[in-house]
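Start at 1 and go down the list; that is how both ligands and their atoms are numbered. Bear in mind the structure is a predicted one, so any value in this text is a computation, not a measurement.
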Amino acid sequence: MKGFSTRSIHIGELHQLDSVTTPIYQTANFLMSPSKYRVNYRDNYIYSRMSNPTVRAVEQKLANLCGAKEGILFSSGMGAITCSLLSVLSEKDKAIFLTELYGGTHSLIQKILPALGIKCDFFSVDDISTLSINDAKVIYVESLTNPLLKLTDVEYLSKIAHENGALLFVDNTFLSPYNFRPLEFGADLEIHSVTKYINGHSDVILGFVTSKREDLIDMIWQKMYTLGLNPNPFEAYLVGRSVKTLALRMEKHNHNAEQIAQFLSNHEKVTNVRYPTFYTRIPKCYENCPGFGAVVYCDLSTQERALHFVENLKIFKQATSLAGVESLVTIPSLTSHASLSDEELKRAQISKGGVRISVGIEDLEDLVEDLKQALEKI
Ligand SMILES: *Cc1c(COP(=O)(O)O)cnc(C)c1O
């Protein structure tokens with residue numbers, strides 16, 4: 001596939017034994033050389049909260065997949081998001097956020113940032129053309145939104161951000177570096193919940209950020225170890241293995257999801273099927289994407305029907321996560337968006353009968369059969 005080199009998956013040796021057999025500290029002869037310490041202490045493994053050889057190998061591997069040299073792993077996606085924002089924002093600074101953000105990020109913006117004196121403004125992905133940046137320091141978006149799968153024009157936003165001296169942060173979790181690489185379109189920082197596609201096996205919680213800007217990486221890395229948001233080396237090691245099949249998994253996710261979206265859109269009991277390959281217009285930066293990942297949204301008109309449907313599914317499990325090898329299903333109005341009032345749900349364009357499916361890499365015919373039998377029962 002054009003632009004995505006699976007070769008880069010093999011860059012960086014995995015020092016899996018180092019994390020198990022070596023102590024978490026470096027011995028004194030290194031520390032007694034202050035000049036070395038100053039030159040590059042991230043690569044000298046003084047203490048494992050700051051850097052670790054296994055973690056480092058995986059960070060460089062992932063950065064490479066995103067078209068950068070450096071990256072930082074975190075204990076979770078939320079750790080990555082929190083640390084990135086707190087590295088560049090302080091009291092009285094302003095940031096602008098997409099309204100359609102992941103729920104956890106919303107909580108951070110609502111509960112933590114204002115208490116630190118950071119001003120938070122919002123804009124909808126539908127109103128991008130009228131966005132004015134004023135004196136904001138950061139614009140924060142997701143490339144593909146949850147659960148309605150809207151595509152944010154990263155190329156346009158990076159242009160207007162830079163014209164106004166702001167930074168553009170992009171949470172690219174829903175597309176993965178296989179489908180889309182925001183740094184190529186001017187984003188200053190790319191963020192991932194590694195928990196989702198990059199690990200892909202629903203057995204690890206980790207986060208990642210990468211950038212072409214060394215100064216940004218350095219600032220965020222120093223905050224990461226100061227706040228203690230460091231990842232566990234064993235989990236990093238698991239991600240180093242998982243990522244070897246990222247391309248294969250993404251091809252299957254892309255294919256299965258598109259076929260299932262097609263099936264659902266032809267079904268008489270289903271309305272408003274959303275999947276980006278169906279859109280008549282998408283921002284130019286997404287025109288060469290090989291696909292749009294595992295998530296499909298559709299509407300079964302009432303919450304009762306949606307509940308009945310998901311309870312009848314056999315292969316699709318009802319669970320909150322997404323982007324793993326197994327197929328999952330949720331009802332956003334009862335889970336991720338349960339705290340929204342009827343009015344807010346309406347404004348967010350999420351129906352009470354809305355269903356979000358994360359299509360796994362199982363056999364496509366089995367998945368379609370399962371959906372078919374569950375739809376017959378409602
Ligand atoms: C899951 C998710 C996160 C949070 O990641 P964790 O690893 O669960 O902390 C952030 N952004 C998006 C888009 C996500 O889907």
Side-chain angles (χ1 to χ4, degrees), residues 55 58-59 62 66 71-86 95 97-113 125 138-152 154 168-180 182 187 189-210 220 224 227-232 235-236 238-239 242-243 250 253 257 276 292-297 319-326 328-330 332 335-338 348 350 356-360:
V55 171
V58 178
E59 285 171 337
L62 298 185
C66 301
I72 310 160
L73 276 167
F74 291 83
S75 52
S76 69
M78 282 316 301
I81 294 166
T82 305
C83 190
S84 302
L85 288 168
L86 293 185
F97 298 89
L98 210 62
T99 41
E100 293 89 346
L101 290 179
Y102 173 75
T105 312
H106 245 289
S107 300
L108 171 71
I109 301 164
Q110 234 113 48
K111 296 178 188 157
I112 311 277
L113 299 187
V125 62
V138 175
I139 304 175
Y140 185 100
V141 300
E142 290 173 11
S143 47
L144 180 64
T145 70
N146 171 39
L148 292 182
L149 308 162
K150 295 185 180 181
L151 289 162
T152 307
V154 167
L168 177 66
F169 287 8
V170 179
D171 180 338
N172 193 36
T173 300
F174 265 58
L175 283 172
S176 87
Y178 177 82
N179 281 336
F180 183 61
L189 195 75
E190 175 173 350
I191 305 174
H192 285 277
S193 167
V194 174
T195 314
K196 314 294 166 50
Y197 293 110
I198 294 177
N199 182 61
H201 293 71
S202 310
D203 52 7
V204 158
I205 297 264
L206 280 184
F208 181 66
V209 308
T210 183
I220 299 172
M224 181 283 287
L227 292 170
L229 296 170
N230 53 295
N232 175 307
E235 289 196 317
L238 288 177
V239 169
S242 297
V243 84
M250 291 314 298
H253 280 302
F292 295 95
V295 180
V296 178
Y297 177 86
T320 318
S321 196
L322 62 112
V325 292
E326 60 286 277
L328 303 178
V329 63
T330 67
T335 55
S336 56
H337 295 70
I350 295 164
R356 185 192 77 184
I357 302 174
S358 175
V359 183

- Query: Is any N or O atom of Ile205, backbone or side chain, closer than 3.5 Å to an N or O atom of ligand 1?
  - Reply: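 For ligand 1, there is no N or O atom that lies under 3.5 Å from one belonging to Ile205.
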- Message: Please check whether Leu322 reaches ligand 1 - meaning an N/O of the residue sits under 3.5 Å from an N/O of the ligand, judged on distance alone.
- Response: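 By distance alone, the answer is no.
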Heavy-atom nearest neighbour in the protein, as seen from [atom], with distance rounded to 0.1 Å:
| atom | answer |
| --- | --- |
| atom 2 (C) of ligand 1 | Lys196 NZ, 2.5 Å |
| atom 4 (C) of ligand 1 | Tyr102 CE2, 3.5 Å |
| atom 7 (O) of ligand 1 | Thr195 OG1, 2.6 Å |
| atom 5 (O) of ligand 1 | Ser193 OG, 2.9 Å |
| atom 13 (C) of ligand 1 | Asp171 OD2, 3.4 Å |

Distance, nearest 0.5 Å, that separates [atom1] of [X] from [atom2] of [Y]:
| X | Y | atom1 | atom2 | value |
| --- | --- | --- | --- | --- |
| Cys83 | Leu229 | SG | CG | 5.5 Å |
| Ile191 | Phe208 | CD1 | CZ | 11.0 Å |
| Tyr102 | Asn146 | OH | CG | 8.5 Å |
| Leu108 | His106 | CG | NE2 | 11.0 Å |

- Query: In a check of side-chain contact (heavy atoms from CB on, under 4.5 Å) between Phe74 and each of Leu206, Val209, Thr82, which one passes?
  - Reply: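 Result: among Leu206, Val209, Thr82, Val209 is the only option passing the side-chain contact (heavy atoms from CB on, under 4.5 Å) with Phe74.
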- ligand 1 atoms nearer than 4.0 angstrom to some heavy atom of Phe174 are 13 (C), 15 (O)
- Message: Under a 4.0 angstrom heavy-atom cut-off, which atoms of ligand 1 come close to Ile81?
- Response: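 Every atom of ligand 1 under 4.0 Å from some heavy atom of Ile81: 10 (C).
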- Message: I'd like to know if the side chain of Asn179 and the backbone of Met250 have a donor-acceptor N/O pair within less than 3.5 Å.
- Response: no
- Item | Whether Glu59 side chain and Leu73 backbone form a donor-acceptor pair below 3.5 Å | yes
- Query: Val194 near ligand 1, heavy-atom distance under 4.0 Å?
  - Reply: no
- Message: So, 4.0 Å and heavy atoms of Asn146: is ligand 1 close enough to count as a contact?
- Response: no
- Select one of side chain, backbone, both or neither to describe which atoms of Leu206 lie under 4.0 Å from any atom of ligand 1, heavy atoms only.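 Backbone only; the side chain of Leu206 stays clear of ligand 1.
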- Message: Can you tell me how the ring of Tyr197 sits relative to the ring of His253, calling it parallel under 30°, perpendicular over 60° and tilted otherwise?
- Response: perpendicular
